[in-house]
K.L.:
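I'd like to ask some things about the structure below.
Just so it is clear, the structure is predicted and the values come from calculations on it, not from any experiment. The chains referred to below are lettered A, B, ... by the order of the sequence lines, with proteins before strands, and numbering in each begins at 1.
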Amino acid sequence: MAKMIGAIEVDIETCKGCSLCVEACPTDVIALADEVNGKGYNYAYMANPDACNGCTNCALVCPDSCITVYRKKVEMA
Amino acid sequence: MAKMIGAIEVDIETCKGCSLCVEACPTDVIALADEVNGKGYNYAYMANPDACNGCTNCALVCPDSCITVYRKKVEMA
Amino acid sequence: MKEEIIIAGFGGQGVLSMGKILAYSGVMQGQEVTWMPSYGPEMRGGTANVTVVLSDNRISSPILHAFDTAIILNQQSMDKFEPLVKPGGLLLYDPNGITRHPERDDINIYKIEAAEEAAQLKSAKTFNMIVLGAFLKVKPVVEMENVLKGLKKSLPERHHHLIPMNEKAIQRGGEIVKEVTLVKA
Amino acid sequence: MKEEIIIAGFGGQGVLSMGKILAYSGVMQGQEVTWMPSYGPEMRGGTANVTVVLSDNRISSPILHAFDTAIILNQQSMDKFEPLVKPGGLLLYDPNGITRHPERDDINIYKIEAAEEAAQLKSAKTFNMIVLGAFLKVKPVVEMENVLKGLKKSLPERHHHLIPMNEKAIQRGGEIVKEVTLVKA
Amino acid sequence: MKGNEAIAEAAIRCGADGYFGYPITPQSEVMEKLMELQPWNSTGMVVLQAESETASINMLYGGAGCGKRVMTSSSSPGISLMQEGLSYMAGAELPCLVVNVVRGGPGLGTIQPSQSDYFQSVKGGGHGDYKLIVLAPASVQEMADFVELGFDLAFKYRNPAMILSDGMIGQMMEKVELKPQQKRWTDEEVAQMHPWATTGKPESRDYNIITSVELDSEAHEKFNHRLQVKYRELEEKEVRFETTDVDDADYLIVAYGSSARISAAAIEILREKGIKVGLLRPITLYPFPTKEIQRLGAKMKGILSVEMSSGQMVEDVRLAVEGKVKVEHFGRYGGVVHSPDEVAEALEQKLIGG
Amino acid sequence: MKGNEAIAEAAIRCGADGYFGYPITPQSEVMEKLMELQPWNSTGMVVLQAESETASINMLYGGAGCGKRVMTSSSSPGISLMQEGLSYMAGAELPCLVVNVVRGGPGLGTIQPSQSDYFQSVKGGGHGDYKLIVLAPASVQEMADFVELGFDLAFKYRNPAMILSDGMIGQMMEKVELKPQQKRWTDEEVAQMHPWATTGKPESRDYNIITSVELDSEAHEKFNHRLQVKYRELEEKEVRFETTDVDDADYLIVAYGSSARISAAAIEILREKGIKVGLLRPITLYPFPTKEIQRLGAKMKGILSVEMSSGQMVEDVRLAVEGKVKVEHFGRYGGVVHSPDEVAEALEQKLIGG
Amino acid sequence: MAEITEDIKVAENIVHKKSSVLTDKVMHYCPGCSHGVVHKLLAEVIEEMGIQDKTIGVAPVGCSVFIYNYLAIDWQEAAHGRAPALGTAISRLRPDRYVVTYQGDGDLAAIGTAETIHACNRGENMVMIFINNGIYGMTGGQMAPTTLEGMKASTCPFGRDPKTDGNPLKITEIVAQLPGTNFVTRQAVHTAAAVRRTKKAIRKAFEKQKDKTGTSFVEVVSTCNSGWKMNPVDSNNWMEENMFPFYPLGDIKDV
Amino acid sequence: MAEITEDIKVAENIVHKKSSVLTDKVMHYCPGCSHGVVHKLLAEVIEEMGIQDKTIGVAPVGCSVFIYNYLAIDWQEAAHGRAPALGTAISRLRPDRYVVTYQGDGDLAAIGTAETIHACNRGENMVMIFINNGIYGMTGGQMAPTTLEGMKASTCPFGRDPKTDGNPLKITEIVAQLPGTNFVTRQAVHTAAAVRRTKKAIRKAFEKQKDKTGTSFVEVVSTCNSGWKMNPVDSNNWMEENMFPFYPLGDIKDV
Ligand SMILES: Cc1ncc(C[n+]2csc(CCOP(=O)(O)OP(=O)(O)O)c2C)c(N)n1
Ligand SMILES: Cc1ncc(C[n+]2csc(CCOP(=O)(O)OP(=O)(O)O)c2C)c(N)n1
Ligand code: SF4
Ligand code: SF4
Ligand code: SF4
Ligand code: SF4
Ligand code: SF4
Ligand code: SF4
Ligand SMILES: [Mg+2]
Ligand SMILES: [Mg+2]
């Protein structure tokens, strides 16, 4: 079976922890970190990376263009 | 037979000879005088007084409120 | 030579364009000229006047408080400008609509029945040219050939067919202008 | 007595209102006070700071270039204001998010783990009151009863139920503030 | 209380009838405070956020034309948009109060305090020969007090008045004593006190016209002459200023508003060094305390005009002393506020030679 | 040709790119003439009637930002509406040409000639520390010539320039010699000559920003300082004036524009009486011919500043001579034009004593 | 019968005379200018409603700047385009008064666009009279926002070309769609019947003000024979043929 | 599987990344501000159309005043409300360029009303982007012309009351009725789907400009969580519930 798997990369320093990506992700991949970045924001990260399908929703709603999305079709058993 | 007869009085000095009353009169009562008033305008006057029925049309369209209209019901033979 | 002229009358009498033709005529003659209208809402219905200065030298001010010539075309203007003609100067007027005729005896007074003449010619538009012709007859401050050039210059191309008619009116004005009183020399 | 204080940190840390309470406390104590915020778009996300002056006499300028006390709540502010503390003055800071700790040896330095404490109290809003408590412990420039009056005055009526919580936070700040270095006397 | 808030509180208390404004930093708190206080429920004062500063000033025109005490506040760019309106109000002899909490210009500039709108305020930013009455507060208390003073002068002379403040005075908090609430004028009082106002034409008087247009230039010159007579009267009677430490002074600082406060601190520094400096603080920028500066200036070795600008008021100081004493300018600008040290140093350098 | 028409003709001939304006007496002929000449068909110049003067000046901002030679014209009330825009353009260092054909103010005033917008033009009608380059034509010929000069100075210094004329010069007709048609700059030339302009960011350069805002007050002070350096350079290099009959003169008249013409006639009258009077006519009102007035003033028994205003330029004359010679003002105002006789009489009365 | 005509000229037979709210001053308008007609109707409505002492007018900058000389009510003369701002303040500070603004098309729909729209959108309690003559009369006949496509004016001497000069603006339709207006109508005064209708509309606009439910807006499509360079009678005809199709008469909103 | 996640992070698998037209500067906006999203879409459209060198932008006065720091195209910063006037001149003097104005609701629909309406009515060839967040963000949350009835702002702290504060203004509907506009749409960026639609709309607006047939106008109903005093996620929800009923999304005009 072919399946889309995805991954995101968050630019931690420019992330402002707005949570919009968290909300936008259909598969609950993203959460805000407990730690803060240099600006004092709890940045977003892949809390549940396996669930990501690379749909780009998170990146689309991110006001700060912090998210790069990768996607690949993989064959699964 | 009862009939409406009318008359108008034009304030010659404030009349500007615009001709709008001439145009508005349904019974062709009014004309512009050959003479001019103090401002140099050919003022309006009752050229055909008998035809006036006091409909006030002329007064209504006059921009300079120069026209007073009189009307009376008279019995005619 | 320096001639300071006021032309004054109702809006619509062609006062400003008469002044303009005079000014252009001066330019054609190589003179310095200024043309300064009164302007604004008074134009509508009210009075209009223009000051024209023709001079061989640089003209300092185009707005004047005394004139060599006053060309007067209605009563208000008569009241306002008769007193401002310089002693020995010229007052030219059209008596139509004038209720108080000029009274000064230290200036030269001429009259021109231009309105009447224009009515006879059935061409209200020539009124101001008749007046101009009268003035040039009395004071030939510019030569006729330059006046015609000035006329051409001040009329838009599409109105150039009117020039002959205007020329005739100017001529007619010169013919019918009448002396009223001259300064006792 | 004259105390010139800068409080500086991120927008949203309650810097301005901490300053306001301090200022009102001074007023309650009968002092002259000024409160002068940095203001404008920087407020969003960026830094925010406020200068508070408490004095027994008329205060000439509310904008200062050197301070008796700097209360510092983020790294940018540390960089900017550490150098501006007067020799012998006080620098109080929250080490949370601070990457370069203060280095001067001619001033008194204290730290207050207010963010951590506020997180433990599960009440981010008390953060600034903890810091205020720490400051008042180190420099009791106003009496506690006046601080409470100031608190009351600066809070809108509808928030007066929060006063006890704030009072506790102030107290707690006083308890946990830590001396870092003192000027060698 | 913040300077801006003091304006709002004072406006309500002195019985103002209307505020019309448009938000702009660093003075938005004026309208915000008013909206929070809802004076329409207490005194009946109207508070309206207009669509622009252009609309605001013309709303003032309308309100003032009815004999009402109306005001607006803004900051530099917004005030520039009011210049036509201000010229109209001066031309129609309408009283009103305009607060300018100046920020650094030109253009959008900074939102930091500045004093670079002096020329605009006192020389005439709008067209024509007119003057505003210009008050320069140096404390939050004066922000409050000058609201009433501004209205009083505006109505006394039927002329727009301006409070020329800056971001520092507007944003800072200080202790303020507010006056007790005064009643607003009733419509009947207005009709009586201001018979020129358009209050609705009763049978008993001819109709009133508020206008600034005149076709006949001679008549318009007469009107302008009347304005000039009024301005001479203002210059005669309404000059306000404050002097400190001038009696024994060798040098004089002339400074208004924030700069006056900072200069006072500078003078302390200088006096500690043994340099005797006094302060003249113009309170009215128009009418300017020309005579007093002339009088005091004659005794001085030099005058330093201190403003947060590249040098505007300094021209009026120079005009006052007519070359009889050296006048220098000092000021940081573009939103930077000078420190007392800088002022002190400038005085030493520019007047004493360093 | 009328002064206003001369502006229009000269604009096309000097290769202006755009005119944006709104009708107002006494200068509507500028746009009317342009519309009649349809330069978009010949040189490609854009002519647009804007919805207001506020829009006009901001259209100038947009056009100037692209490195184009853009201009507007208006009269006093309309110019007041441009004050914010002018401050922005000065703050963004944008070149443009604004013609003010002044009429009597304040307010709607008269449509007759006046010179009462001097302060607004040279001191800064808008907010902030900025200056306009101000040219004062005294003839229809200069109305034409100063269009090109104005553009040249504006672009040289990246600063708005103004032609400060009045209803007299605007409405009068005089002989004019127009320069031959010059080509408009091509887009490529613009990009090369004005690398700061927003012409579309090619790969070869960073993107350009035209702005006047700065959050950091220190940076904004630096920018303002740069402006001041520019103004000092203008004051050094671009002062223009004309003197007549000054060599043997005992008295000096300083007058610009219409007033200078009238003063020239007054001087003839006075010289006939044996009173030796000379004329200094500032051509640039900013930068003002301060040094020349100072130099000439030193030799005079008195100076009369003649303006059609209640006395504005006279302040700059006084600042120039620093009390060293008596300076008096004379001027009719509110739309009244003084006569040579009145000027002559005023000089005798005010300076010689009558 | 000429004698009869003279005979009936006695006060009791008067059926139309100059409104007492009009002053004796001769209007400065060009012969045949629509402004005069509308002034008269305004005066008549004010007289008939008996509100001369309760009405405050706001004059524009435009040919009608001097309306204040002709109607004997209290007037303020606004800066160009700002009458609605003045009206706003007057109406709010004197809610016991009728406020009427009077503006031309340049004034109301060009420079004053923002003030017009925002006053109407706020629903300021006032009557706005809008004289749309498709031209800038006062300044000598320049293009107005309402100048028709192809129509000549001194700043579009070859006829308005929407490509370069922009489109004619129907501001009244915009105003009608704003929630703050309670009555929006377009009328004319070229015939006696039209004059009667316009007077009714103005009267209605004033009546509506009693309820304080917002702005009442009366456009009068008008002639400017000077600007149009036609005589008054031809102007009326031209207006009927050319203006009315684009600016159709009638009520647009009545709530 | 976490390893896979790391493994696929190679260039060839990138399906979304920051647009190259965006600069490296960190935007000054509050966390979650809609401005950032719209900036990004604008950058992406410009990048995808390959018109970075042909586009001139006009920035407003409002929170987005510094948009010029974030998109690497030539920019002019306009005075408050005047962006359409700048755009008019730029577009007419550089008809070979794409002109895009970017404005907030205070800027475009309050102080700039006249400029907005007249530019659209003239049909200036430019793209106008209108960020309607119902508030004055930059100056700290005052009432905007588009603030909803009952909505709180610092100058209507008890909620907008149309009686005193005026009605919310639907300027986009007005603009749509002007003959000069060729495409008028209202969008939002609160969900991924909405973002996709808004990007399409912006792209379409730019495409339309190729034909020089007038103004293309894109409203984006937006959040200002700082001004609204809610977190970004709640703001989006509040917007859906309250703003969309009054400002319904979708194309309003497309000719
Ligand atoms: C700020 C300003 N700009 C321009 C003018 C010049 N001006 C006077 S009236 C007018 C337009 C008049 O047209 P309109 O409003 O249509 O009135 P109308 O004369 O046609 O009745 C203009 C542009 C002015 N007085 N003030
Ligand atoms: C002439 C002028 N008036 C007022 C201001 C202050 N000001 C700056 S931004 C702004 C409004 C911003 O609101 P909006 O346009 O909705 O943009 P947002 O910040 O919400 O994106 C105001 C009133 C100004 N800079 N200039
Ligand atoms: S949407 Fe962007 S800025 Fe917001 S939390 Fe996610 S990554 Fe960070
Ligand atoms: S790409 Fe889609 S699935 Fe993956 S984190 Fe983003 S929103 Fe979630
Ligand atoms: S309508 Fe009036 S002004 Fe015109 S001609 Fe008749 S009476 Fe005279
Ligand atoms: S009243 Fe009627 S009939 Fe008589 S003159 Fe007037 S229009 Fe004619
Ligand atoms: S110019 Fe036109 S609007 Fe003005 S008075 Fe004359 S006809 Fe009427
Ligand atoms: S204040 Fe509002 S509009 Fe401005 S950046 Fe913050 S969230 Fe965005
Ligand atoms: Mg009109
Ligand atoms: Mg907004």
K.L.:
Tell me the closest heavy-atom pair linking A:T14 and A:D64, and the distance in Å.
P.N.:
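For A:T14 versus A:D64, the nearest heavy atoms are O-CB, 4.0 Å.
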K.L.:
Minimum heavy-atom separation for H:G106 to H:Y136, with atom names?
P.N.:
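Between these two residues, the closest heavy atoms are CA-CE1, 3.4 Å.
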K.L.:
Using heavy-atom distances under 4.5 Å, tell me whether H:N236 contacts chain A through its side chain, its backbone, both, or neither.
P.N.:
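For H:N236, side-chain heavy atoms alone lie under 4.5 Å from chain A.
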K.L.:
Looking at H:M239 and H:V221, what are the two nearest heavy atoms and their distance?
P.N.:
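Heavy atoms only, the tightest pair is SD-O, 3.5 Å.
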K.L.:
Can you say whether A:N57 sits under 4.5 Å from chain H via the side chain, the backbone, both, or neither, judging by heavy atoms?
P.N.:
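Both parts, heavy atoms under 4.5 Å.
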K.L.:
Do you know which of A:S19, A:G54, A:A59 has the most heavy-atom pairs under 4.5 Å to chain H?
P.N.:
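Answer, by heavy-atom pair count under 4.5 Å with chain H: A:A59.
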K.L.:
Heavy atoms only, distances under 4.5 angstrom: which of H:L41, H:L22, H:V10 has the most pairs with chain A? Name it, please.
P.N.:
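Most heavy-atom pairs under 4.5 Å with chain A: H:V10.
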K.L.:
Can you check whether anything in residues 47-58 of chain H gets within less than 4.5 Å of chain A, heavy-atom wise, and list it by number?
P.N.:
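Answer by number: none.
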K.L.:
Begin with the C-alpha distance, continue with both residues' side-chain angles, and end with the deciding distance and a verdict on salt bridge (Lys or Arg N to Asp or Glu O under 4.0 Å) for H:D254 and H:K204.
P.N.:
CA-CA 10 Å; H:D254 186 359; H:K204 183 166 175 181; 2.3 Å; yes
K.L.:
For a side-chain contact (heavy atoms from CB on, under 4.5 Å) with H:L108, tell me which candidate from H:N132, H:T146, H:I131, H:I171 qualifies.
P.N.:
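Single side-chain contact (heavy atoms from CB on, under 4.5 Å) partner of H:L108 among H:N132, H:T146, H:I131, H:I171: H:I171.
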K.L.:
Check the orientation of H:F206 and H:Y98. Use parallel for under 30°, tilted for 30 to 60°, and perpendicular for over 60°.
P.N.:
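The arrangement is tilted - the two ring planes meet at 30° to 60°.
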K.L.:
Side chain from CB out, backbone as N, CA, C, O: work out which of these in H:V233 comes under 4.5 Å of a heavy atom of chain A, or both, or neither.
P.N.:
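Both backbone and side chain.
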K.L.:
So, H:H16 side chain and A:V69 main chain: donor-acceptor pair closer than 3.5 Å or not?
P.N.:
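No; judged by distance alone, with no hydrogens or angles, the pair does not exist.
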K.L.:
Can you check whether A:C62's main-chain N or O pairs, donor with acceptor, with H:K40's side chain at less than 3.5 Å?
P.N.:
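Looks like yes, one N/O pair under 3.5 Å.
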K.L.:
Is it the side chain or the backbone of A:A24 that comes within 4.5 Å of chain H heavy atoms, both, or neither?
P.N.:
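Contact with chain H involves no heavy atom of A:A24 at all.
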K.L.:
Counting only non-hydrogen atoms closer than 4.5 Å, does H:V37 touch chain A with its backbone (N, CA, C, O), its side chain (CB onward), both, or neither?
P.N.:
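Interface part for H:V37: both.
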K.L.:
Counting heavy-atom pairs under 4.5 Å with chain A, which one of H:K9, H:K18, H:K17 comes out on top?
P.N.:
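Most pairs with chain A among the choices: H:K9.
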K.L.:
Taking only Lys NZ, Arg NE, NH1 and NH2, and the carboxylate oxygens of Asp or Glu, determine whether H:D7 and A:K72 approach each other closer than 4.0 Å.
P.N.:
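No salt bridge links H:D7 with A:K72.
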K.L.:
Looking at H:I135, is its backbone amide N or carbonyl O close enough to the side chain of H:D105 to form a donor-acceptor pair, meaning the two atoms are under 3.5 Å apart?
P.N.:
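Yes; judged by distance alone, with no hydrogens or angles, the pair exists.
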K.L.:
Side chain, backbone, both or neither: which part of A:C55 has a heavy atom under 4.5 Å from chain H?
P.N.:
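A:C55 touches chain H through backbone heavy atoms alone.
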